[in-house]
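Input: a single structure, listed below in structure tokens.
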There are 2 protein chains.
Amino acid sequence: MITPKTPPGFNELLPKDQIAFNAMVSRIRTAYELSGFTPLETSALELADVLLAKEDGETAKQVYRFTKGDTDYALRFDLTVPLARYAAEHYHELAFPFRRYQIQEVWRAEKPQAGRFRQFYQCDVDIIGTDSVIAEAEVILAARNAYQSLGLKNITFRISHRGIIGGFLADRKLDRLSTDVLRAIDKMDKLSGSEISNELKKAGLSNKDSKDILSLVSIQGTTKEVTKQLSDLGINQSEFNNAIQNLEELGKLLKASGMKPSEYIFDLRIARGFDYYTGVVFEMFLLGNRSSVGSGGRYDNLVSHYSKEKLSGVGASIGLSRLFSVIKEKNTGPSSPAQALIIVFSENLLPYCFEVASLLRDNNINVEIYPGAAKPAKQLSYANKLGIPFVLLCGENEEKKRQVTIKNMKSGKQITASLSSAVKKIKSLVA
Amino acid sequence: MITPKTPPGFNELLPKDQIAFNAMVSRIRTAYELSGFTPLETSALELADVLLAKEDGETAKQVYRFTKGDTDYALRFDLTVPLARYAAEHYHELAFPFRRYQIQEVWRAEKPQAGRFRQFYQCDVDIIGTDSVIAEAEVILAARNAYQSLGLKNITFRISHRGIIGGFLADRKLDRLSTDVLRAIDKMDKLSGSEISNELKKAGLSNKDSKDILSLVSIQGTTKEVTKQLSDLGINQSEFNNAIQNLEELGKLLKASGMKPSEYIFDLRIARGFDYYTGVVFEMFLLGNRSSVGSGGRYDNLVSHYSKEKLSGVGASIGLSRLFSVIKEKNTGPSSPAQALIIVFSENLLPYCFEVASLLRDNNINVEIYPGAAKPAKQLSYANKLGIPFVLLCGENEEKKRQVTIKNMKSGKQITASLSSAVKKIKSLVA
């Protein structure tokens, strides 16, 4: 006998949570398709050379990579690299700008720890092949609609533009420090005041420049507030000015789309550590939650390793596992999709039970026939355990009169209805 | 520059087919949940020792297996073994009888060839933990409803029971030959008459027994026809008699559920090669298609390698890839979920475009804003390429009068509507 278990760091759901997880995914799909994003799935296994074309030590170490036959395989570790590979591979078959969403598992051999898994779902949405700020607005709106469809109304997008810090440094002829400074700013939330000053010093900034940068990134507020404060700095540098203009246009489009002031804040601390972001960057926060539940931004060229074509675009990624942990906590849903369980009293009543089930299923009522003529108490306890809200009694009397007795498992109340009126009755009860 | 490509034998879909594939999966989910089957997902990576507990040479060779750190991993190669592992692992957390469906990818390092992939979707449905024939009927009905929901009305279930041949042989004291004879019968469709006789001889049957078996398995027809012919053989052997009774009961339940005679035929040639089937077995055929699109049956004990508990049950598996190849051929659907594309005439009209998009999205109309103020001809050609049926013109005139012009891409017809009536107009047009 072998002990049945999954590898350490690999998580599976029990039915109750799987049902809630699927409902979450389904709502996100609907929200993204509402904005015309097309679904995409890429292969779990990729050629290692192709998938890791861009990767250096750290990421590569976490990738599940192995050889079988002549092939060197690697398992998908994010959804961005496969998108780049797919877009380059199918460049002539796709219509650009290409907008897609992708909800799939990724695998990373991280150290297993509480809430961290080696297999988890990512949810990405991107528009590639355009420089227009329409893309930023469309991606942010789609992500916002996805959160809203999950009943998460208290989401705030904190938005910035890497050109603000970049332009500010360029204005002082310090553009060479840009990457390190952005990385330091990205860590601000996790560091104390003196630690962040230290980081900026390490990045090569003087005390004065460091102080000025910290004062710059403390700017936050509405479109008007932030653009005014930035203009007041009197910096006349093209990257800086373009960034301000970009944020201003983006703010206008988000406002026109009905986003409330509480839903988006320009916050210049948002820097995003990844080097490939080149313009607008943003992170999404749930009210009362310090760590972000998603993030995104604009990149200059997604496919540089795979193609001579240049494809710039905007993407957002929702941390689906973290999001689900929020939803899971409040999950009081059932462990079965069945809305009603047909109790089987005896074998000879079975044809009637199946007739009733067919009628209800034909009318889109999810119904299960208990698979066996067990004691009724056992069948009722099964319905209870799964959280099935109604049971249907099809006994001899009911069969004779072509009726069905509907019992509400919560209240214990029961009513008997003719077969012809049962569909309507059950529908109004489960509604 | 690295050539972007997937490994040989790994298939990905373009948007048009991905949309059709997702629609197929979504309909199958709905059909299974209609019968109260709960969704399940198991881990892609399993511990090799656990996953391969039962496997001998042939299957094990095809499994993607590798070591990372201290862990010996194997990729999921079917959905039956993970179900057994999951049911044994979570035995005390699940309610039995446990009914679940599972739609996930599996990986097998088969020789790549036309229509055969190393990564493909399986779709399994099982009820475990019951001996009742209700389970057979429920599984068959759920699979039938899944096919019907895809518009595939011409599906026939060919049903048999392994106890017919088993009992027939036992009656002649030849039960030791049962496995080999069933395997030979399973190949009948692929072999000529003399080849199958040879196989039966190799299995150890005399000429007389071989002839009698071939005459036995030629029996097919309705419940009544088959059970009468079998009874007429005058065999009085318990396994044989139980099998007849089982088929008779099953036929009764399928009939009570409204299945038409053309939808299920008892056909004693159906044997299923797998050893783990112990009772009713069946295969599903699409009219005019010689190879089956699915199959299933009853097994005595699913979890024998993982638990002392005994869990018998019934399962059916739909070959999703083969099924999709049928659907794909006729796929004339769009390459985008968008029902309408908003044409962007100029940057300063953007806030109005976003306002219109928000209004439509709030009313569940899938709408995309073209991401850039490209030439209108280019935007129209993009809509054409993606098969988006309507474009919305929000020009200066429209903005001023708070209107939108709706253009049907197929007919070229266009109408202008006030913003307040646009939702209703577009909804009736896309319906």
Side-chain angles (χ1 to χ4, degrees), chain A residues 2 4-7 10 12 14-15 18-19 22 33-36 38-43 45 47 49-50 53 64 66 68 71 85 88-89 93 95 97 109 119 127 130 132 134-135 138 252-253 256-258 305-306 336-338 350-351 354-355 358 361 366-369 371-372 382 385-386, chain B residues 2 4-7 10 12 14-15 18-19 22 33-36 38-43 45 47 49-50 53 64 66 68 71 85 88-89 93 95 97 109 119 127 130 132 134-135 138 252-253 256-258 305-306 336-338 350-351 354-355 358 361 366-369 371-372 382 385-386:
Chain A
I2 287 174
K5 58 179 183 191
T6 45
F10 287 75
E12 286 177 342
L14 285 169
Q18 187 74 58
I19 289 171
N22 288 13
E33 295 182 5
L34 206 50
S35 288
T38 198
L40 175 65
E41 288 191 2
T42 63
S43 176
L45 290 176
L47 293 169
D49 288 347
V50 176
Y64 288 96
F66 63 93
K68 181 150 181 100
T71 310
R85 193 263 308 143
E89 183 174 352
E93 298 158 284
Q119 169 178 274
I127 301 179
T130 174
S132 168
I134 299 174
E138 282 282 76
K252 218 183 278 174
L253 301 184
S257 304
H305 288 71
Y306 301 125
S336 164
L350 275 178
F354 274 81
E355 188 188 338
S358 293
R361 288 169 183 164
N366 293 359
V367 59
E368 165 177 354
I369 302 171
Y382 170 88
K385 201 168 168 187
L386 290 180
Chain B
I2 288 174
K5 59 178 183 190
T6 46
F10 287 75
E12 286 177 340
L14 286 169
Q18 187 74 60
I19 290 170
N22 288 13
E33 294 182 6
L34 206 51
S35 289
T38 199
L40 175 67
E41 288 192 1
T42 63
S43 177
L45 289 176
L47 293 169
D49 288 347
V50 175
Y64 288 96
F66 62 93
K68 182 153 180 94
T71 310
R85 193 262 310 143
E89 183 175 352
E93 297 157 285
Q119 169 178 276
I127 302 179
T130 174
S132 168
I134 298 174
E138 282 281 76
K252 219 182 277 174
L253 301 184
S257 306
H305 288 69
Y306 301 125
S336 164
L350 275 178
F354 275 82
E355 188 188 340
S358 293
R361 288 170 183 164
N366 294 359
V367 59
E368 167 177 353
I369 301 171
Y382 169 88
K385 201 169 169 188
L386 291 180

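Each chain gets a letter, A, B and so on, in the order the sequences are listed, and its residues count up from 1.
Between chain B and the options Leu386(A), Ile19(A), Thr71(A), heavy-atom pairs under 4.5 Å are most frequent for Ile19(A). Across Ser257(B), Ser132(B), Ala135(B), the residue that shares the most heavy-atom pairs under 4.5 angstrom with chain A is Ser257(B). Ranked by non-hydrogen atom pairs under 4.5 Å with chain B, the options Ala88(A), Pro351(A), Pro97(A) are led by Pro97(A). Between chain A and the residues Ala338(B), Ser43(B), Gly372(B), Gly36(B), the most heavy-atom pairs under 4.5 angstrom are made by Ser43(B). In terms of heavy-atom pairs under 4.5 angstrom with chain A, the leader among Leu14(B), Asp49(B), Asn22(B), Leu40(B) is Leu14(B). Ranked by heavy-atom pairs shorter than 4.5 Å toward chain B, the options Ala109(A), Ser35(A), Gly258(A) are led by Ser35(A).
If you measure heavy-atom distances from Ile127(A) to chain B, the contacts under 4.5 Å come from the side chain alone. Of the two parts of Glu41(B), the backbone and the side chain both hold a non-hydrogen atom closer than 4.5 Å to a non-hydrogen atom of chain A. The parts of Glu355(A) that come within reach of chain B are both its backbone and its side chain, each placing non-hydrogen atoms under 4.5 angstrom from that chain. Phe10(A) touches chain B through its side chain: at least one heavy atom from C-beta onward sits under 4.5 Å away, while N, CA, C and O do not. Contacts of Leu45(A) with chain B are made by both backbone and side-chain atoms, with heavy-atom separations under 4.5 Å. For Lys5(B), the parts lying under 4.5 angstrom from a heavy atom of chain A are both the backbone and the side chain.
Taking CZ of Arg361(A) as the start and CD of Glu33(B) as the end, the distance is 13.0 Å to the nearest 0.5 Å. In this structure, Leu350(A) CG and Leu253(B) CG are separated by 5.5 Å, a value rounded to the nearest 0.5 Å.
Looking only at side-chain heavy atoms (C-beta outward), Ile369(A) and Glu138(B) come within less than 4.5 Å of each other. Between Thr38(B) and Pro337(A), the closest side-chain pair of non-hydrogen atoms falls below 4.5 Å. Annotation: side chain of Glu89(A) is in contact with side chain of Thr6(B) (closest heavy-atom distance under 4.5 Å). Contact check for Glu12(B) versus Thr42(A): side-chain heavy atoms found under the 4.5 Å cut-off.
Under a cut-off of 6.0 angstrom, the local environment of NZ in Lys252(B) is sparse, with at most 12 non-hydrogen atoms contributed by other residues, nucleotides or ligands.
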